[in-house]
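Here the structure is laid out as structure tokens; the discussion comes afterwards.
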2 protein chains.
Amino acid sequence: MSSTVAKALMLLEHFSEEEPELGLSEIARRSGVDKAAVHRMLGAMAESGLVEQQADSRLYRLGAGVLRLARVRETAFPIASVVQPILETLSAQTGETVHASLISGRALANIATCESRKSNRVSLVAGEVLPFHSTASGLATLAFADESLLDRVLAAPRASLTPFTVTDAETLRARVDAVRAQGYAESDQTNEEEVHGLAAPLFDRTGKACGGVSVSTPSHRMSDAQRALSIRAVLAAAGEITNGLGGRRPRSYEDLIATLVLEG
Amino acid sequence: MSSTVAKALMLLEHFSEEEPELGLSEIARRSGVDKAAVHRMLGAMAESGLVEQQADSRLYRLGAGVLRLARVRETAFPIASVVQPILETLSAQTGETVHASLISGRALANIATCESRKSNRVSLVAGEVLPFHSTASGLATLAFADESLLDRVLAAPRASLTPFTVTDAETLRARVDAVRAQGYAESDQTNEEEVHGLAAPLFDRTGKACGGVSVSTPSHRMSDAQRALSIRAVLAAAGEITNGLGGRRPRSYEDLIATLVLEG
DNA sequence: TCTATTGGTGTTATATTATCAACACTGGTG
DNA sequence: CACCAGTGTTGATAATATAACACCAATAGA
């Protein structure tokens, strides 16, 4: 919680697709950390190549070290390469923007996306950090992951991102229970206005959820037919990805969604 | 130097393509850090998803967070995607294994490779950290990067990796001077036995070197003809990559290699 | 059973870090 | 031109997180 390395790594969260370069003061302002502290932390991370500082503008950005680390991880445990083609199929089937994310510490990391080709579509920020409590992927993951994860999420503060965001612990627990009984998660405008999410969990080889795959639809376009189609497609895609990364669905989950597909 | 975040990030260096999962004691042993400290550091890094711990085996590995960070960096500053096709051409032209690397803190990070199709070839470890002083890419980078980089490298201790590795500061500085006068770097068995390296610098938009591209040939196969061919090819490839990532070669360097190509 | 690992946990002196202030520098504005 | 608001950076000190040590529980092998 109050460890310096955790605080330092928090700073990395502020770099995004839209703002890949940030100044020292800017980072300090957003993170609420003292300028001097930020300066030293960034300096330390620069030593390892995790960030790098532009020589002229003095702006900081993510460094070449993160590419190296990603290569090590990806060659040892290929997932992005496995997930991408499946997402493309899912996007084609549903006609909407889809993405896959994995548990990454106290949040979900968006690791692969495929955007809809429609002009009116949900656009995702690549490499975004997604909260568990406000996203369909997050609920799907929480419902089937190790129970300690839910406890940790409920213990931490939860931001209210839209008027529909559920932040109350008890309500959230009930929603997670519902997802667990249902086999998939549905959330409307809880993370972003006008965005509807439909997600299924991904399982690791121990049979615990390690992430989720999700279909993001503009809320106004969501219909019963689209819902039925998307649920079926996202469950199938999640199954393929689970297999592709060497995981396995627990028997109970297989049974749950089998009845669900028959009913649907 | 003695900051805790730097120490924590050092731990990440021990994960490699061959050993993607490591135990707590193992990491402590290799890094020379106390077990308790390693435990705390890994815990802190796990909060951000930089590493993750297998629930059953308790082994640690690089987490999904590094994939997310790499995506942010790569969508903002695409390099891997730019570099890869050029490397494939270079590998086809030279018939050997090639790779590109960027400055990453106090070392060079291998960010893209293309292996030769010959049965007898140099095989590179994906995402390896390459020392500046013992690799052709390192010398090429040092020769044309900001001078402060060379000073930092000379100030730090340098490992002797083969009987041919140059570790002495004065000799190394002379070698870097030679590379600067020559326009490219050549090194035989200084980083690994029986491996010959030939590298050209990559430049950022300020005209300083930010990395290198290199051809790795089995030493016994190296000939004058192969050398001439590889030098021409690697210089051309480095130029393409430099342009591709928005950099520019200084005028002086353009002139230098122009005469070189004419002579060759 | 006995031994040698493993991962993980306390506790306290110590060393690092947080905080605040001031610094030099830049670019824009009156 | 002086001014101002902004930047990145560097010291000083007080506060505190850390390092180091021994220790524990659990596992695996002989």
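In what follows, chains are A, B, ... by sequence order, proteins preceding strands, each numbered from 1. What you see is a predicted model; the values in this text were computed from it and never measured.
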Under-4.0 Å side-chain N/O to phosphate OP1/OP2 contact, A/His39 with D/dT9
yes

Mind listing the N/O atom pairs, protein and nucleotides 17-21 of chain D, below 3.5 Å?
| unit_1 | atom_1 | unit_2 | atom_2 | d |
| --- | --- | --- | --- | --- |
| D/dT18 | OP1 | A/Thr4 | N | 2.9 |
| D/dT18 | OP1 | A/Thr4 | OG1 | 3.0 |
| D/dA19 | OP1 | B/Lys7 | NZ | 3.2 |
| D/dA19 | OP2 | B/Arg40 | NH2 | 2.5 |

Calculate the interatomic distance between A/Lys35 atom NZ and D/dG11 atom C1'; express it in whole Å.
14 Å

Under 3.5 Å donor-acceptor, B/Glu47 side chain and A/Ala6 backbone
no

Which residues, if any, of residues 52-63 of chain B bring a heavy atom under 4.0 Å of DNA chain D?
none

Nearest heavy-atom pair of A/Thr141 and A/Cys210: which atoms, and what distance?
CG2-C, 4.4 Å

If you count every heavy atom of other residues, nucleotides or ligands that lies below 6.0 Å from B/Glu18 atom CD, does the total exceed 12?
yes

Would you call A/Glu52 and B/Arg73 a salt bridge, taking side-chain N to carboxylate O under 4.0 Å as the test?
yes

Run the ring-centre check on B/Tyr60 versus B/Phe15 and record whether the distance is less than 6.0 Å.
no

Using a cut-off of strictly less than 4.0 Å between a heavy atom of the residue and any atom of DNA chain C, enumerate the qualifying residues of residues 8-32 of chain A by number.
none

Nearest non-hydrogen partners of B/Leu69 and A/Leu62, listed with the distance
O-CD1, 3.5 Å

Could B/Arg30 and B/Glu19 be called an ion pair, given the rule that one side-chain N must be under 4.0 Å from one carboxylate O?
yes

Taking 4.0 angstrom as the limit, do A/Glu254 and A/Arg251 come out as a salt bridge?
no

Between A/Thr242 and A/Leu202, what is the shortest heavy-atom contact and its length?
OG1-CA, 3.6 Å

Between B/His99 and B/Val213, is any pair of side-chain heavy atoms under 4.5 Å apart?
no

